[in-house]
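Scroll down for the structure; my scribbles are underneath it.
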4 protein chains.
Amino acid sequence: MLRTAKIINDPVHGFIHVPEGRILRALGHPVVQRLRRITQLGLAQFVYPGAVHTRFGHALGVLHLAEEALLSLSRKGLAIPPSTWEAVLLGALLHDIGHGPFSHSLEGSILPYNHEQISQALLGLMEAELGDLSEVRLLWENQHPLRFLSDLISGQLDVDRLDYLVRDSFYTGVQEGLVGTERLIYTMNVAENRLVIEEKGHTSVEKFIITRRFMYWQVYLHKGVLGSEWLLRRWWEAYKLEGKKRSYLEELWKLPLEAALPEFLQLDETTIWQWIQASSDSKFPPLRILSRALLYRVPFKVTFTERASATLREGWQHTLSSALRPWAEWFWIEGLAENQTYSPQAGGEIRLLRKDGTTAPLSELSPWLQPLESPTKRAFVGAIPAASLESLRR
Amino acid sequence: MLRTAKIINDPVHGFIHVPEGRILRALGHPVVQRLRRITQLGLAQFVYPGAVHTRFGHALGVLHLAEEALLSLSRKGLAIPPSTWEAVLLGALLHDIGHGPFSHSLEGSILPYNHEQISQALLGLMEAELGDLSEVRLLWENQHPLRFLSDLISGQLDVDRLDYLVRDSFYTGVQEGLVGTERLIYTMNVAENRLVIEEKGHTSVEKFIITRRFMYWQVYLHKGVLGSEWLLRRWWEAYKLEGKKRSYLEELWKLPLEAALPEFLQLDETTIWQWIQASSDSKFPPLRILSRALLYRVPFKVTFTERASATLREGWQHTLSSALRPWAEWFWIEGLAENQTYSPQAGGEIRLLRKDGTTAPLSELSPWLQPLESPTKRAFVGAIPAASLESLRR
Amino acid sequence: MLRTAKIINDPVHGFIHVPEGRILRALGHPVVQRLRRITQLGLAQFVYPGAVHTRFGHALGVLHLAEEALLSLSRKGLAIPPSTWEAVLLGALLHDIGHGPFSHSLEGSILPYNHEQISQALLGLMEAELGDLSEVRLLWENQHPLRFLSDLISGQLDVDRLDYLVRDSFYTGVQEGLVGTERLIYTMNVAENRLVIEEKGHTSVEKFIITRRFMYWQVYLHKGVLGSEWLLRRWWEAYKLEGKKRSYLEELWKLPLEAALPEFLQLDETTIWQWIQASSDSKFPPLRILSRALLYRVPFKVTFTERASATLREGWQHTLSSALRPWAEWFWIEGLAENQTYSPQAGGEIRLLRKDGTTAPLSELSPWLQPLESPTKRAFVGAIPAASLESLRR
Amino acid sequence: MLRTAKIINDPVHGFIHVPEGRILRALGHPVVQRLRRITQLGLAQFVYPGAVHTRFGHALGVLHLAEEALLSLSRKGLAIPPSTWEAVLLGALLHDIGHGPFSHSLEGSILPYNHEQISQALLGLMEAELGDLSEVRLLWENQHPLRFLSDLISGQLDVDRLDYLVRDSFYTGVQEGLVGTERLIYTMNVAENRLVIEEKGHTSVEKFIITRRFMYWQVYLHKGVLGSEWLLRRWWEAYKLEGKKRSYLEELWKLPLEAALPEFLQLDETTIWQWIQASSDSKFPPLRILSRALLYRVPFKVTFTERASATLREGWQHTLSSALRPWAEWFWIEGLAENQTYSPQAGGEIRLLRKDGTTAPLSELSPWLQPLESPTKRAFVGAIPAASLESLRR
């Protein structure tokens, strides 16, 4: 147990202890403070207006759950050295530093790297001030000798998932996302160097799996949320083509990751929103319309459908005025929403610990979950209604 | 009861009905959608990281509570005509449209008008699309013939206060702000054309008064919150002096209110944050330092004190390097935090309704609240610590 | 909407309106007040000490949800005549009046009738004071011309189930039971005279099904709960054999239902507990031991097992002292815990309403739920440990 | 930190750790298990039907908060020896064992001792099984050398009060009772061997004081609750006069405390309810009527009044039939409800700890609380309405 430097009030978990030393310093670092300007769920707030929470709050929540888990394991007799204890908390706090504006919506669109790669790079940057962080890296890469600590930070049942389910549920108001984090953490244990759940937590684990599924369809892949995210993505395409920062973005894209970091750190959501505002009078109609659609909340209207999308598109296209028809492709989307509730790939299977010390995989103990192991896919199409386009165009 | 057009999930109140017609249209209006980019509590999130909620969510909450109150009064036999019902809901939804970025922190600094004046002006603007809104104006100005409806929208116990206490409590995690809104609304009644609370709601009213007090010292006038808001205000002074938009802001200030509105509507918090980012390399040291202090969260460190502030200031000033000393006045603040828990001025007194139909003022029934009627004032000073300034300066 | 007579504070749903007239009178009737002395979950409080809630609270909760559902359907344009509205609320409030002490644990053991039969009989009794209740009877027997109202009161998704899941979850502290009742009620609609859920409530219905499953294994069929309920059942057997009220109970059993009612109404849980206390000095060892086991909370220790129970029993029996061995059969149980999460038998299938007005059964739209349609059975054995028996015996 | 033996799910605080050893054994002791049959709030459930919680749940809650407080103090560097740690937890768990049926309502009516005296005596009884408990006695009697631990167990801000405010609030549904227990516990510290609250918890302490006041008028001294408790007390008088156990109760009253304990331990609420049931056909009209009034929930109707009670009584008495008039005194009550929100008597003052290490009493720092230091008294009268009496009489 590290000595507390600071207590922060979090509406989801209550009071969160921040230990003194490197964790406190990491919290104050610009790379972490920047997460205050990155929302956790991007434009899901177009559907759930309460869901304006940030990656910063999430990072604190993951820190908190990681400490709770360490405490719980300690009570069961596991001795974790203080330096490793600190590394685990750092690994929790920093796990998402590589996210850019609107998190997943624009991931891979600003820089040709995913957020894990950027997190790794930023970790390097932070070592200048925090000293060696190689143990954090081991945790992130599943190479820590205490493998169960890697499981805790990035596994099927890690503190990241535990926090975001509860937090997103809290802020959206979607009760379906409530998970018994406390119970899951109390039933964590270690077997063969891996994190396992004691058998008495069996129902809690099932609940956790199912909750993820519910949150996917209720929030992350909700029609209105898809329609909002795609609005942003379309806007981004238009902006890269005709926005004022076009050449800047082209340059940025070509830079090696290390070199791109300083610019990347400036690119938070307030920046993007300013570009959106500045483009709301663009002469390029798609950019102008999409900018205004973002400012005034006019998302793509999305339908899950099995019908041929060409017919649907034609139907919609007929309703467009002649002024809009040439730009139709900008306001029409087609895609596939996909969710795999639980993927017990090699190495990632959740295991339950029996009282006799043996373990068994969840999929064996809960055969009814098996249908959820194959991904669910739902085709969708979406469009901005003609009338809305017309009023946004002017 | 108006027919529902849409149901919105709100984490604070649950499902919120949005009636069809003018209320739905008002909700989609750019003037209201802009509130998504105005936080409710400005930089209080520097202390309470969860408190990133927006004026938009608050507007929905007030709409909801107004409808609950109308339903409750209807069940007691009061007949409210549908057009007035709609006006009340519009008055609730739109009551805060005049707020600018960071709400109260910069109020009166961007335009020489307070937010009520701007709300009035924007209401005029909205009439172009929504038709005559004069009944809303009557409600806001306490001139509605059904005076109790004005009380409901802007009185000592109005739905605005009810919502913000619960909402701010929910998002900060400060349990002290929980008010029994449901009970207060169920005990509302009308006497002599004014809104009153039935005697059985006596404790709930006392609780409401006390809760406001607690929220003031726990949140609105919290040392860390004061230190964060003043950081922003100091930054604004520096920006008006040496920022890139200096002349633009000077022009804006001089415009008549009507003429200033289109520009004002663009000025949401994303704009200000971009100005902050853009100033973080300014050559003017105060602007550069204050910009970075905002980006990296280094608020003024505030102390409530009765000692002579000159001595305190000198003590702090001595710790500054010679490079910083010339700019010292930028990083030092002095002020007075003031809170009047309950102000039963002429006309504004909360009255309780006895079973025999007579009413009595709260201050008579709850003499123990009287000490709270005189404002509490606490002098404070604040500074950014020298070491922080030094590292921000470079 | 009926005029409110009384508002009752319920910790689960908040304020509950009790309409004036027959509903208020029904609430004050001894048959309903008696439910204050019948717990909702019997001896589940041996495992979940907070779960001491009563059938009375549940009855109020069901009343409340029924009214919420009627309001929601009204907002969608369904006109329900006031007398039917009242019948629905009465049907909700009274649905459980036939439960005896410890509800399901002793059902069929005191009188040779199940609780529905007793409810029907008591309804007749209440007509003396409340007047004709035949419409309530129609609702209970699924014969009401507005069939969807029967569905609301006793169907796969009725207000009884909605209330008990949330209420049992609230009082046990088991978060797994939280159901989005509000959302389910808002998405209720009517198609072909049956209650259906609008498609946008699809996830909520899935959640509801799954939640029932979780509550079964987490609470209703929890090992410790089974062990406590069986303790009570074994005690009842011993008491019928050697308790002081033996002949009284034999007489009671033989009476026709109507004639047995006055006695049955006296038999609440306080009576049974007194019999338990009075038997704690019985000379018949099983009765004495089981009485004390109830008073001091020493439940059967239950194991779910697939091994041959004879072997397990022998193992346990060997640990008994010679004084106890002759009574061994009293302290050993074997049984089958069975739970069918969702049973879409003829007529009972939950149907979802699409936007085009067609409906589809849940099992078609959620194929992943199909494994849950076949009942899950788990064999168990249980015993009171020898050491406990020894100390209880003396 | 003691090793956990068992985790219990509590709806108020979440999971509660029960340490192995003497605390686990104390929990299973008949004296503690008996608290399952003693409700926390007696007949307050006549007004708040959800409030059926027991002293057993409260005892667990106090145990939990005591451990939280010990952990918090440890994190601040206080070293508490394991045996003292255990004594504190035992002192918390057992603090209410001396309560009889309906707690305060019948306190001093069954035995001529208050519940603290009985607790002390029962503690002696438990030493037979648990070994020496003298350190617990020191804690209870404010004589422990670590005086701050006595403050924690029985002081102005002890864990008993903290738990019952939150718990009663949770079960009644009265939101006014929510106290920030977590915050109060996190700001506890020690100065001059006494328990103090750090200055940053100032508002939380104010909130705690005010909350007690609210709970008094909203719950403990609520008119309907007073009318229910007095019903029980009147019944008890009638029962002692004409009930079947009259001579038994007379004997019991005369016994020395030690000798009375075995009988006292049998006297839980299920016993009293059986006596009530058995008296509902008594030939003595007051006993018969009062028994039925308890079974069917017909409390005294209470009015707070400043008028001369004799006039009020006459008015009511006139409405009685000639059959009832001779018994009128049984159905009329007069009394004084009294509440002292905060009583900073010698030694009991709450003190706040400043950052400079000095302390100051709360009443100095919060002068607005001073009016609450003098007790509030409200005279009341109550009666059972004539019509109710008439229907109960037959």
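Please read these numbers as outputs of a predicted model, since none were measured by experiment. Note on naming: letters A, B, ... go to the chains in the order of the sequence lines (proteins, then strands), and numbering restarts at 1 for each one.
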Return yes if some donor-acceptor pair links the side-chain N/O of [X] with the main-chain N/O of [Y] below 3.5 Å, else return no.
{"X": "D:H95", "Y": "D:A92", "answer": "yes"}
{"X": "D:S291", "Y": "D:L287", "answer": "yes"}
{"X": "D:R246", "Y": "D:Y239", "answer": "no"}
{"X": "C:S169", "Y": "C:V174", "answer": "yes"}
{"X": "D:R297", "Y": "C:Q33", "answer": "no"}

* Are any of the side-chain heavy atoms of C:E67 and C:L89 separated by less than 4.5 Å? ->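 SC-SC contact between C:E67 and C:L89 confirmed.
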* Residues from residues 49-60 of chain D approaching chain C under 4.5 Å (heavy atoms) ->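 From residues 49-60 of chain D, the residues near chain C are D:P49, D:G50, D:V52, D:H53, D:T54, D:F56, D:L60.
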Against chain D, label [X] side chain, backbone, both or neither, depending on which of its atoms sit under 4.5 Å from a heavy atom there.
{"X": "C:I8", "answer": "side chain"}
{"X": "C:R37", "answer": "side chain"}
{"X": "C:T271", "answer": "both"}
{"X": "C:F15", "answer": "neither"}
{"X": "C:Q45", "answer": "both"}

* If you count heavy-atom pairs under 4.5 Å between each of D:T39, D:V298, D:V32, D:L295 and chain C, which one has the most? ->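 The answer is D:L295.
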* To do: Look at C:V31, C:V47, C:D268 and state which one has the largest set of heavy-atom pairs under 4.5 Å with chain D.
  =>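 Going by pairs under 4.5 Å, I would pick C:D268.
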* Relative to chain D, which of C:H29, C:E269, C:R167, C:Q277 shows the most heavy atom pairs under 4.5 Å? ->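 Most pairs with chain D among the choices: C:Q277.
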* Asked: Should the pair C:Y48 and C:H222 be assigned to parallel (<30°), tilted (30 to 60°) or perpendicular (>60°) ring geometry?
  ->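 Correct class here is perpendicular.
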* Taking the six-membered ring for Trp, are D:W236 and D:W275 parallel (under 30°), tilted (30 to 60°) or perpendicular (over 60°)? ->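 D:W236 vs D:W275 ring planes: parallel.
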* Please determine, by modelled atom types, if D:E263 and D:Y248 share a side-chain donor-acceptor pair under 3.5 angstrom. =>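 D:E263 vs D:Y248: donor-acceptor pair found between side chains.
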* Asked: With no hydrogens and no angle check, do the side chains of D:Y220 and D:D168 hold a donor and an acceptor under 3.5 Å apart?
  ->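 Per modelled atom types, D:Y220 and D:D168 side chains form a pair under 3.5 Å.
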* Examine whether an atom of D:V12 lies under 4.5 Å from a heavy atom of chain C, and if so say whether it belongs to the side chain, the backbone or both; otherwise answer neither. =>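 When you check distances to chain C, no heavy atom of D:V12 falls under 4.5 Å.
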